[in-house]
Every structure is written in structure tokens, then in C-alpha cells.
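Reading through the C-alpha cells given below for one structure.
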Amino acid sequence: MIKTEVKIFNTASGKKEVFIPLENDQVGMYVCGPTTYNYIHLGNARPLVVFDTVRRYLEYLGYEVTYIQNFTDVDDKIINKANEEGIKPAELASRYIDEYFRDADALQVKRATVHPRVSEHMEGIIKFIKGLLEKGYAYEMEGDVLFGVTRFPEYGKLSKRSIDDLQAGARVEVDEKKEHPADFVLWKKAKPHEPQWPSPWGLGRPGWHIECSVMSHEYLGPSFDIHAGGYDLVFPHHENEIAQSEALHGVPMAKYWMHNGFITVNEEKMSKSLGNFFLVRDILKKFPADVIRFYLLATHYRSPLDFDDEKLGVAQKGLARLQTAYRLMEEAMNGTLAEHSSAAIRLGAQGFRQGLQALQGKFIEAMNDDLNTALAIAVLFDIAREINTFVAAGVTEQDQKALLEGKRIFSELAGVLGLQLDKKGCDNENGVLVDALMNLIITIRQNARTKKDFQTADEIREKLRQSGIILEDTPQGVRWKPI
RNA sequence: GGUGCGGUGGCGAAGAGGCUAACGCUGCGGACUGCAAAUCCGCCAUCCGUCGGUUCAAAUCCGACCCGCACCUCCA
């Protein structure tokens with residue numbers, strides 16, 4: 001367990017607070033997951049990556065994290081789309097759950113401890129609603145069950161809205177029969193040809209907010225540490241969850257509420273309703289998944305983040321710089337580069353190690369400050385420079401231990417961000433073949449260079465570049481890598 | 001109308017009372033190189049939306065104003 005003080009910005013208080021879990025080294029986290037009627041877009045991906053990073057960091061520090069992320073698989077949009085396609089809603093939902101995993105896995109998002117689905121928690125939902133009715137927080141209306149916001153005095157505390165404001169600005173369809181326009185549905189009366197479940201109030205299905213209250217309670221208890229999601233969930237989704245859960249259980253639902261900012265396109269929120277969204281899998285056709293992840297983490301999670309290809313291109317270059325440093329260090333360790341003592345003044349191995357350890361401290365400090373991944377990445381760049389400088393000056397046998405230590409720190413910290421630094425080269429069988437061919441080509445070119453036939457040498461290099469292979473001539477020999 | 005967030009170099013982006021305002025990209029100069037690439041070194045904001053105020057000291061606190069964004073309705 002690394003002893004250190006993590007601070008988290010808590011939407012509930014509007015301030016950064018020291019993170020102290022309810023139960024010493026155990027952390028319970030609930031992240032609102034997608035409604036599964038489409039492939040996920042980049043805006044959906046941000047919370048996945050951000051809160052996965054929160055999890056990774058807490059685990060790195062030694063906490064044991066129970067991470068719950070739901071799938072909303074019962075919903076109007078699912079029903080509509082399924083009808084369009086002429087298949088069952090459940091079938092459509094489960095298809096997009098599979099597709100979700102494909103994208104999330106690519107982005108190195110760790111699987112949750114449990115991924116509960118609404119459709120599998122009907123019993124719990126019904127029981128929960130029953131409890132709310134019994135305690136007098138909910139009321140029945142023509143087969144629907146509604147939560148009465150005026151019956152819960154603290155309603156509005158998360159989003160800092162008063163019930164009166166809600167009434168004043170209400171663009172909500174006013175249903176005269178509701179006690180209050182902001183009352184929201186817990187249980188919806190069934191319509192024909194829709195998924196439906198039996199309940200004490202007749203056939204129907206759950207409203208949107210109730211699922212998270214029920215499932216978080218089932219897996220994490222009435223009170224847990226972190227509840228997270230996109231900023232647009234603060235109201236009404238999370239506000240309503242709080243109302244339901246705290247009304248029923250009488251204890252604070254979550255200790256810390258974390259919300260990520262939006263991805264924008266031309267400064268406008270990326271959203272399904274605006275239609276300006278980019279699917280993760282389409283972006284993956286142009287950029288590797290780790291570049292997307294790097295891009296998402298290079299800005300603080302609460303700030304808006306504008307998207308375009310150019311910005312991903314910058315991220316790609318940045319990540320490549322880190323990977324290059326890692327590669328140079330590995331080569332120095334493997335002795336791929338001949339030992340070379342340079343005239344340059346160089347850091348001793350001792351200084352190198354101490355420098356990296358100090359930077360590791362800075363990394364932790366950055367992450368402690370409300371998950372400042374932008375700063376943490378800056379530290380990674382500092383580490384890269386240390387490594388490059390150290391390695392470029394020439395490495396001897398005595399430096400190997402320091403290099404090993406450096407490699408450990410570097411990859412460990414990158415790993416906290418879910419970034420992999422070692423290039424997964426060619427797959428093994430082909431790799432041997434490719435290596436052999438590359439060695440042959442390089443030898444031929446070297447012969448040309450020895451004869452000062454630079455025209456031939458340059459032609460080979462240019463042709464390889466066009467095929468996606470970069471050659472680098474270094475004092476220690478020729479190196480190649482895919483673009 | 002209500003609520004909240006933000007405006008930092010050519011671009012992106014940290015910093016939130018006091019070290020020369022991080023880091024990355026771009027550009028420029030240098031080292032290295034046959035030339036490149038990669039790498040290293042150096043340079044590029046007298047200034048942090050505007051105007052006032054508080055303070056010994058402000059990009060960082062307060063006030064006003066301008067601009068942008070978001071939420072108040074499904075949305076990550």
C-alpha cells in the first residue's frame with residue numbers, strides 16, 4: 001500500500017476533497033454505463049477511460065476496488081431500434097453489449113467486477129419501488145409509479161437546484177396529474193408489444209433512474225465510495241438516484257461524485273441527438289487504440305475536450321515519443337547497440353535512478369490532485385528525456401541495474417494510465433521472417449553506403465518508407481521500425 | 001430566465017497568492033549524420049479575456065463587463 005493523499009473533486013460539495021474510503025483499503029465504485037442500442041462513440045468512451053484510470057490508480061496505490069458498471073438494456077431507444085430492425089429488443093441489446101466490449105477492450109478498459117443488466121434485476125427493482133411506496137416517497141397513478149420529489153426535502157442537493165427553480169424553468173411536459181412537474185417515473189405501465197414484466201402495479205417496465213439505485217445497492221450496499229459518470233448525468237439522473245436511494249435507505253448513497261466533461265466537435269458537445277458523434281470503431285480505422293486513450297488522458301477529465309483528426313495526430317506523435325524512449329532503453333539493455341562511450345558528460349547510473357524516482361513521486365503527486373493525468377503525462381515526457389539522455393551517452397555493464405529499474409518505473413507508470421510502451425512487434429512466426437528479410441535489405445544497403453553509392457542507399461530507404469518502414473542510421477548501427 | 005464551467009505563447013494544455021509561467025506539437029539555431037531519421041542542447045508568452053479592487057506580493061482572491069460552452073428534456 002502506497003501511503004499518500006488522494007484528492008478528488010466531489011460534485012456534491014463542489015470542492016476537492018481528500019479521498020478516504022468508507023472501509024479502509026476497500027473501494028466501491030459505480031459507473032453509469034451505456035444504453036446499448038448502438039456502437040459507442042468517443043463521448044461515451046471518455047468516462048470509460050477516465051474512470052478506468054481512477055480505478056487503475058487506486059489499485060496501483062494498493063486499494064482493492066470493486067468496480068460496477070451497468071448496461072441499460074431496457075429502454076425506449078432500444079425498443080424503437082429493435083422494431084425498426086424487426087428483432088427482439090433483448091437481442092438487439094445483447095448484440096450491442098458484445099460490440100461494447102470489443103471497443104472498450106481495445107481501449108484497454110478493464111472489465112468491471114460485475115456488469116449488471118437491468119433486465120436481470122427486475123425482482124430487486126420491484127422490491128425497491130415497493131419500499132419507496134411503503135415509506136411514502138412514491139405514489140401510483142394509472143398504472144405508473146412516480147417518485148414525489150416534494151416528499152424528499154433534499155431533492156436538488158447534488159445539482160444545486162431548488163424544486164421551485166425546476167418548476168419555473170420547466171420545459172418539461174406538464175402532466176397535470178403529477179404532484180410536481182419534476183416527479184419522475186419509477187415504474188411504467190406496459191404498452192402493447194413492448195418488453196414487460198409483472199409487478200404489483202400490473203405489467204410494465206422500470207423507469208430509467210431506478211436501475212442504478214437498485215444495482216449499486218445490490219453490489220455495493222446502501223453507501224459506497226465513488227459514483228461516476230458524464231457531467232450531463234448530474235441532472236436529472238444522479239439527482240434522482242440520490243432521491244430514490246437515500247429516501248429508501250436513509251444513508252448517503254455515495255461519498256464522492258465524479259463527473260467528466262464533454263467531448264466537443266467544433267466546440268459543440270458531441271452527442272447522439274446532435275448527430276455530430278464519431279464512433280470509436282471508426283476512429284480506430286485511422287488511429288491505434290492507445291493513441292485514442294492517450295488523447296483522452298492528455299486533458300484533465302473535467303475540462304471539455306475538442307475532437308478532430310489533427311489533435312489525434314498530435315497525440316500519436318506524443319505517444320510515439322514515449323515509446324521511442326522505451327525502445328531505446330530496451331535496446332541498450334539487450335546490447336543491440338554496441339557499447340559506446342561518448343565524450344558527452346553523462347549522468348551516473350546513480351543520478352539516473354534518483355532522477356527517475358523523483359519523477360515517480362511527481363507522477364503520484366499529479367494523480368493525487370484530482371487525477372491530473374495531463375500533468376502525469378508531462379512527467380512521463382520528463383522520464384523519456386532522462387532515459388534518452390542517459391542511453392544516448394552510452395551504456396555500460398554497470399548501468400544495467402539502473403536501466404532495469406528505469407524500465408520498471410516507466411512501464412509501471414504508463415500502465416497506471418493504461419498505456420503500453422513496448423511495441424507489440426510483428427507476431428512471432430512472421431517476425432522471424434521479416435527480421436531475416438530486413439537484415440538482408442539493410443546489409444545490401446550498407447554495402448552501397450560503404451561504396452558511397454548514396455543514391456542506391458537513399459532509394460532503398462525511401463522505398464521502405466513508402467511501404468511503412470522507417471530506417472534510422474545511428475552511430476551504433478541501423479535500426480528499423482514500422483511507422 | 002435559473003444553475004454551473006471556462007477564456008494562459010502559433011496550436012494543444014498544466015499551473016489557482018511569492019521559484020526563470022510545466023509538458024507536448026509546430027517553427028528557428030546548434031550538436032550528431034554522407035544526407036536523413038531518431039536523440040540531445042538552446043531560442044520562441046515582461047505576460048495569463050477587459051477594466052477596476054484587495055495584498056508587501058495576483059495568471060492565481062474579490063467586483064463589474066465582454067466572449068465561449070454546458071445543464072435545466074433522452075444524452076457520457
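Note on naming: letters A, B, ... go to the chains in the order of the sequence lines (proteins, then strands), and numbering restarts at 1 for each one.
- In this structure, Y37(A) has its ring center at least 6.0 angstrom away from the ring center of Y96(A).
- For T264(A) and D306(A), the side-chain atoms include at least one donor-acceptor pair closer than 3.5 Å.
- In this entry the distance linking NZ of K269(A) with C1' of C71(B) reads 8 Å, nearest Å.
- Among the heavy atoms of the strands lying under 4.0 Å from H41(A) is at least one base atom, whether or not backbone atoms are also near.
- Heavy-atom nearest nucleotides on RNA chain B were determined for P34(A) and for T264(A), and the one closer to the 5' end corresponds to T264(A).
- One P atom belongs to G9(B), the other to G1(B), and the distance between them is 30 Å to the nearest Å.
- The stretch residues 443-450 of chain A touches RNA chain B through R445(A), R449(A), each having a heavy atom within less than 4.0 Å of the strand.
- Interface remark: the D473(A) side chain does form a donor-acceptor pair with the C35(B) base, using a distance-only criterion of under 3.5 Å.
- The interatomic distance linking Y301(A) (OH) with A13(B) (P) rounds to 17 Å, in whole Å.
- Among the heavy atoms of the strands lying under 4.0 Å from G43(A) is at least one base atom, whether or not backbone atoms are also near.
- Within 4.0 Å (heavy atoms only), S271(A) reaches at least one base atom of the nucleic acid.
- Residue I263(A) is in base contact, counting any heavy-atom pair closer than 4.0 Å across all strands shown.
- Atom CG in L305(A) sits roughly 7 Å away from atom P in A13(B) (whole-Å rounding).
- Summarising the base pairing, A31(B) is matched to U39(B) through a Watson-Crick or G-U wobble pair whose two defining distances lie under 3.5 Å.
- Each of A13(B), G24(B), A76(B) was ranked by its minimum atom distance to the side chain of L233(A); first place goes to A76(B).
- In this structure, the nucleotide among A22(B), A76(B), A38(B) sitting nearest to the side chain of A378(A) is A22(B).
- Separating the CG atom of N240(A) from the P atom of C71(B) is a distance of 17 Å, rounded to the nearest angstrom.
- Rounded to the nearest Å, the gap between the P atom of A58(B) and that of U20(B) is 14 Å.
- In this structure, R321(A) forms no cation-pi arrangement with F381(A), as its terminal cationic atom is not both closer than 6.0 Å to the ring centre and no more than 45° off the ring axis.
- The partner of G63(B) is C51(B), judged by Watson-Crick or G-U wobble contacts that both fall below 3.5 Å.
- Using a 4.0 Å cut-off, some side-chain N or O of R385(A) falls inside it from OP1 or OP2 of C41(B).
- Rounded to an integer number of Å, the gap from CG of L322(A) to C1' of G24(B) is 10 Å.
- Contacts of D382(A) with the nucleic acid, taken as non-hydrogen atoms under 4.0 Å apart, involve only primed sugar atoms and P, OP1 or OP2.
- The side chain of K311(A) contributes no N or O atom lying less than 4.0 Å from OP1 or OP2 of C25(B).
- Using Watson-Crick or G-U wobble geometry with both donor-acceptor distances under 3.5 Å, G24(B) finds its partner in C11(B).
- Cation-pi geometry between K269(A) and F262(A) is met: the NZ or CZ atom falls under 6.0 Å from the ring centre, inside 45° of the normal.
- Phosphate proximity of A37(B) to R479(A): absent, as no side-chain N or O sits under 4.0 Å from OP1 or OP2.
- Atom name P, nucleotides G27(B) and C66(B): the rounded distance is 40 Å, in whole Å.
- With hydrogens and angles disregarded, a donor-acceptor distance shorter than 3.5 Å links the side chain of D399(A) to the backbone of T396(A).
- A38(B) and A14(B): their C1' atoms are spaced 27 Å apart (whole Å).
- Once the 5.5 Å centre distance and the 30° plane angle are applied, the aromatic ring of F454(A) is found stacked with the base of G34(B).
- Residue S303(A) places at least one side-chain N or O closer than 4.0 Å to OP1 or OP2 of A14(B).
- Side-chain atoms of D458(A) and base atoms of G34(B) include a donor and an acceptor less than 3.5 Å apart.
- At a threshold of 4.0 angstrom between heavy atoms, the contacts of E268(A) are confined to the sugar-phosphate backbone, with no base atom among them.
- Residue G313(A) is out of contact with every strand shown, counting any heavy-atom pair closer than 4.0 Å.
- Look at CZ on F184(A): it is 12 Å from P on C74(B), rounded to the nearest Å.
- With values rounded to the nearest 0.5 angstrom, Q357(A) atom CD is found 10.5 Å from F352(A) atom CZ.
- E472(A) comes within contact range of at least one nucleobase, with a heavy-atom separation under 4.0 Å.
- For C19(B), there is no paired nucleotide, since no Watson-Crick or G-U wobble pair has both relevant distances below 3.5 Å.
- Residue contacts for L471(A): at a heavy-atom cut-off of 4.0 Å it reaches a base atom on one of the strands shown.
- Taking for each of T324(A) and K160(A) the nucleotide of RNA chain B with the nearest heavy atom, the 5'-most of the two is the partner of K160(A).
- Distances shown here put a side-chain N or O of N372(A) below 4.0 Å from the OP1 or OP2 atom of G15(B).
- Listed nucleotides: C35(B), A37(B), C71(B). Nearest to the side chain of D232(A): C71(B).
- Of the possible donor and acceptor atoms, one in the side chain of R293(A) sits under 3.5 Å from a partner among the backbone N and O of L107(A).
- Contact annotation for S273(A): base contact, defined as any heavy-atom pair under 4.0 Å involving a base atom.
- Within the nucleic acid shown, K272(A) comes within 4.0 Å of sugar-phosphate atoms alone, with no base atom in reach, counting heavy atoms only.
- U8(B) and C48(B): their P atoms are spaced 11 Å apart (whole Å).
- Across G15(B) and A45(B), the matching C1' atoms stand 14 Å from one another, rounded to whole Å.
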Kindly determine whether K81(A) and E84(A) satisfy salt bridge (Lys or Arg N to Asp or Glu O under 4.0 Å), including the steps that lead there. CA-CA 5 Å; K81(A) 185 145 184 201; E84(A) 277 169 33; over 6 Å; no

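- Rounded to whole Å, the distance from CG on L48(A) to C1' on A76(B) is 8 Å.
- Backbone-only engagement by F381(A) is indicated by non-hydrogen atom pairs under 4.0 Å involving sugar-phosphate atoms exclusively.
- A 3.5 Å limit on both hydrogen-bonding distances identifies G68(B) as the Watson-Crick or G-U partner of C5(B).
- The aromatic ring centres of Y256(A) and H227(A) sit 6.0 Å or more apart.
- The pair E99(A)-R95(A) fails the salt-bridge criterion, with no side-chain N (NZ, NE, NH1 or NH2) lying under 4.0 Å from an Asp/Glu carboxylate O.
- In this structure, E211(A) contributes its side chain and V118(A) its backbone to no donor-acceptor pair below 3.5 Å.
- Among G15(B), C72(B), A76(B), the nucleotide with an atom closest to any side-chain atom of F235(A) is C72(B).
- Judged by atom type and distance alone, R461(A) reaches the base of A36(B) through a side-chain donor-acceptor pair under 3.5 Å.
- When the P atom is used for both G6(B) and A16(B), the distance is 13 Å, rounded to whole Å.
- Of all nucleotides listed (U39(B), A13(B), A37(B)), A37(B) comes nearest to the side chain of T474(A).
- Phosphate contact (OP1/OP2 of G12(B), side-chain N/O of K317(A), threshold under 4.0 Å): absent.
- Atom SG of residue C212(A) and atom CG of residue N70(A) lie 4.5 Å apart, to the nearest 0.5 angstrom.
- Rounded to a whole Å, the CH2 atom of W208(A) is 12 Å from the P atom of U73(B).
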